[in-house]
Amino acid sequence: MLILGIDTSTKLCSVALYDTEKGILGELNITVPKNHSNVILPMIDQLFLFTEKTIEDVERIAVGIGPGSFTGIRVGMAIAKGLAIGKKIPIVGVSGLDALAASVREKGRVFALLDARKSRVYYRIFENGKALCEAKDGNLKDVLQEYQGAEVNYFIGDGALAYQNMILEAYGKKACILSEESSVARALYFAKMSVDQEEDNLYTLEPMYVCKSQAEKSKENV
């Protein structure tokens, strides 16, 4: 099965083609602080060009549903849904936190963290492949205090890199912060994760924002 992976939920705009029999056929990753919509379609076109594949060959689309940039998530999902509708391709929504955690093969507790700024993170905690909580947002200091206890702790994601001093202060030698190269939500991970997930309903699949947008918060305070 040939799977097209798409993720625009973070600054890394990522697309990949993954064959369940042959493995990864190609992947493109570009850091885009904003305006993901300007680059995602050209990236997909180039991916097909380099791999000598077409959208007609794709049998499943895996798309990042968040959490992350609200605008970025919407861009990726709109593109994925458009392709799915136009070519009648099954679609699967994948959480970026789950995709990050799935890339860690070592045994231990895994903290998948995405930077939400001002010491806050989007997070989900895993142990031996099982989730200990739902995807949430919160103050990292509180998260670290709540999930103390494991002897080996792996921290992955841009939230781990942004607040590594805080993590090391709290966990010391019990903390292993994965490198920048390993801490990005690559489309390859989304494609791989979608293999074992059920197809989503194209029309009811929604973004995983986790927290409310600033506009929503401001409206509530009026």
Original post:
Within the distance-only criterion (no hydrogens, no angle test), does the side chain of Glu180 pair as donor or acceptor with the backbone N or O of Leu161 below 3.5 angstrom?
Top reply: no
**OP:** Run through Asn153, Ile167, Ile156 and flag the one making a side-chain contact (heavy atoms from CB on, under 4.5 Å) with Ile177.
**Re:** Ile167
Original post:
For the atom pair OH (Tyr203) and CD1 (Ile91), what is the distance rounded to the nearest 0.5 Å?
Top reply: 10.5 Å
Original post:
When Asp137 is tested against each of Arg117, Arg120, Lys118 for salt bridge (Lys or Arg N to Asp or Glu O under 4.0 Å), which residue passes?
Top reply: Arg120
Subject >> Exercise: identify the closest heavy-atom pair between Ala185 and Leu12 >> reply: O-CD2, 4.1 Å
**OP:** Determine yes or no for a side-chain-to-main-chain donor-acceptor pair under 3.5 angstrom, with Ser183 supplying the side chain and Asp158 the backbone.
**Re:** no
**OP:** Tell me, with the steps shown, if Phe155 and Tyr171 meet ring pair (Phe, Tyr, Trp, His ring centres under 6.0 Å).
**Re:** CA-CA 11 Å; Phe155 294 84; Tyr171 279 48; 5.6 Å; yes
Original post:
What heavy-atom pair brings Leu114 and Pro67 nearest, and what distance separates the two atoms?
Top reply: CD1-O, 3.4 Å
Original post:
How many angstroms lie between atom CD1 of Ile55 and atom CD1 of Ile44, to the nearest 0.5 angstrom?
Top reply: 7.5 Å
Original post:
Ile65 and Leu205: which non-hydrogen atoms are nearest, and at how many Å?
Top reply: CG2-CD1, 4.2 Å
Original post:
Out of curiosity, Glu56 CD to Leu2 CG, how far, rounded to the nearest 0.5 Å?
Top reply: 12.0 Å
**OP:** Output the distance between atom CE (Met43) and atom OG1 (Thr8), rounded to the nearest 0.5 Å.
**Re:** 10.0 Å
Original post:
Quick one: are Phe48 and Val58 in side-chain contact, heavy atoms under 4.5 Å?
Top reply: yes
Original post:
Do Leu4 and Val63 touch side chain to side chain, with heavy atoms closer than 4.5 Å?
Top reply: no
Original post:
Quick one: side-chain hydrogen bond (donor to acceptor under 3.5 Å, both in side chains) partners of Ser182, sequence neighbours excluded?
Top reply: Ser179
Original post:
Testing Leu188, Ile79, Ile40, Ile30 for side-chain contact (heavy atoms from CB on, under 4.5 Å) with Val15, which one passes?
Top reply: Ile40
Original post:
Taking the side chain as C-beta and beyond, is there a heavy-atom pair between Tyr122 and Leu113 under 4.5 Å?
Top reply: no
Original post:
Going from OH on Tyr163 to CG on Leu140, what distance comes out if it is rounded to the nearest 0.5 angstrom?
Top reply: 8.0 Å
Original post:
Hey, are the side chains of Asp19 and Met1 touching, using non-hydrogen atoms and a 4.5 Å cut-off?
Top reply: no
**OP:** Determine, stepwise, if the pair Ile3 / Ile61 fulfils side chain to side chain contact (heavy atoms under 4.5 Å, CB included).
**Re:** CA-CA 6 Å; Ile3 304 171; Ile61 296 175; over 6 Å; no
Original post:
For the residue pair Arg109 and Glu127, what are the closest heavy atoms and their distance?
Top reply: NH2-OE1, 2.8 Å
Original post:
Going through the distances and angles, do Leu47 and Thr51 end up as a side chain to side chain contact (heavy atoms under 4.5 Å, CB included)?
Top reply: CA-CA 6 Å; Leu47 181 65; Thr51 59; 4.3 Å; yes
**OP:** List the atom of Cys13, the atom of His36, and the distance in Å for their closest heavy-atom pair.
**Re:** SG-CD2, 4.1 Å
**OP:** Go through the structure and list residues passing salt bridge (charged side-chain N to carboxylate O under 4.0 Å, His left out) with Arg124, not counting sequence neighbours.
**Re:** Asp98, Glu134
**OP:** Determine whether Val104 and Glu106 make a side-chain contact, defined as any pair of heavy atoms from C-beta on separated by less than 4.5 Å.
**Re:** yes
Original post:
Checking side-chain hydrogen bond (donor to acceptor under 3.5 Å, both in side chains) for the pair Ser14/Asn29: CA distance, chi angles, key distance, verdict?
Top reply: CA-CA 5 Å; Ser14 182; Asn29 299 297; 2.5 Å; yes
**OP:** With side chain to side chain contact (heavy atoms under 4.5 Å, CB included) as the test, would you mind laying out the steps for Tyr209 and Ile73 before giving the verdict?
**Re:** CA-CA 8 Å; Tyr209 291 136; Ile73 295 169; 4.1 Å; yes
**OP:** Give a yes or no on whether Glu169 atom CD has more than 12 heavy-atom contacts from other residues, nucleotides or ligands under 6.0 Å away.
**Re:** no
Original post:
Is there a path from Met166 to Leu178 through hydrophobic residues (I, L, V, M, F, W, Y) whose side chains come within less than 4.5 Å of each other?
Top reply: no
**OP:** Treat each ILVMFWY residue as a node, draw an edge where side-chain heavy atoms are under 4.5 Å apart, and state whether Phe190 and Phe126 are in one component.
**Re:** no
Subject >> Validation row: Pro207, Phe70 side chains within 4.5 angstrom (heavy atoms) >> reply: no
Original post:
Where do Ser194 and Arg60 come nearest, in terms of heavy atoms and distance?
Top reply: O-NH1, 2.6 Å
**OP:** Give a yes or no on whether Lys11 atom NZ has more than 12 heavy-atom contacts from other residues, nucleotides or ligands under 6.0 Å away.
**Re:** no
Original post:
Roughly how far apart are Leu17 CG and Lys22 NZ, rounded to 0.5 Å?
Top reply: 12.0 Å
